[in-house]
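Throughout, numbering of the chain's residues begins at 1 and tracks the sequence.
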Amino acid sequence: MYSFVATCKKNGVDEQLWLADVFKRKESHKHKDLYQLLPNNWEKSRNLESNPELRLLN
């Protein structure tokens, strides 16, 4: 858990917001896409889910 919190801090991610979102999404998230829930990928995947039009730019 300490590693996740440290990674959040390193990437400028709010630890509590990240953890709450991961707990909420972990059951419905596809197994092959679990890497998106890691703190260093979380913000980008969260933005893509809320703004699907951004996927076209990536």
Chemist: Given Asp33 and Tyr35, is the side chain to side chain contact (heavy atoms under 4.5 Å, CB included) satisfied, shown in steps?
Modeler: CA-CA 5 Å; Asp33 295 331; Tyr35 71 93; 4.1 Å; yes
Chemist: Between Gln36 and Ser45, which heavy-atom pair has the shortest distance, and what is it?
Modeler: O-OG, 3.2 Å
Chemist: Hey, could you give me the CG/CD distance between Asp14 and Glu43, rounded to the nearest 0.5 Å?
Modeler: 9.5 Å
Chemist: Starting at CH2 of Trp18, measure out to CG of Leu37 and round the result to the nearest 0.5 Å.
Modeler: 8.5 Å
Chemist: Got a sec, which residues hit side chain to side chain donor-acceptor pair (under 3.5 Å) with Asp21, two or more places apart in sequence or on another chain?
Modeler: Arg25, Trp42
Chemist: Could you list the residues that satisfy side chain to side chain contact (heavy atoms under 4.5 Å, CB included) with Asn11, not counting sequence neighbours?
Modeler: Thr7, Val13, Asn40
Chemist: List in chain and number order the residues that pass side chain to side chain contact (heavy atoms under 4.5 Å, CB included) with Lys10, two or more places apart in sequence or in another chain; answer none if no residue qualifies.
Modeler: none
Chemist: Are Val5 and Leu38 connected in a single hydrophobic cluster, I mean Ile/Leu/Val/Met/Phe/Trp/Tyr linked by side-chain heavy atoms less than 4.5 Å apart?
Modeler: no
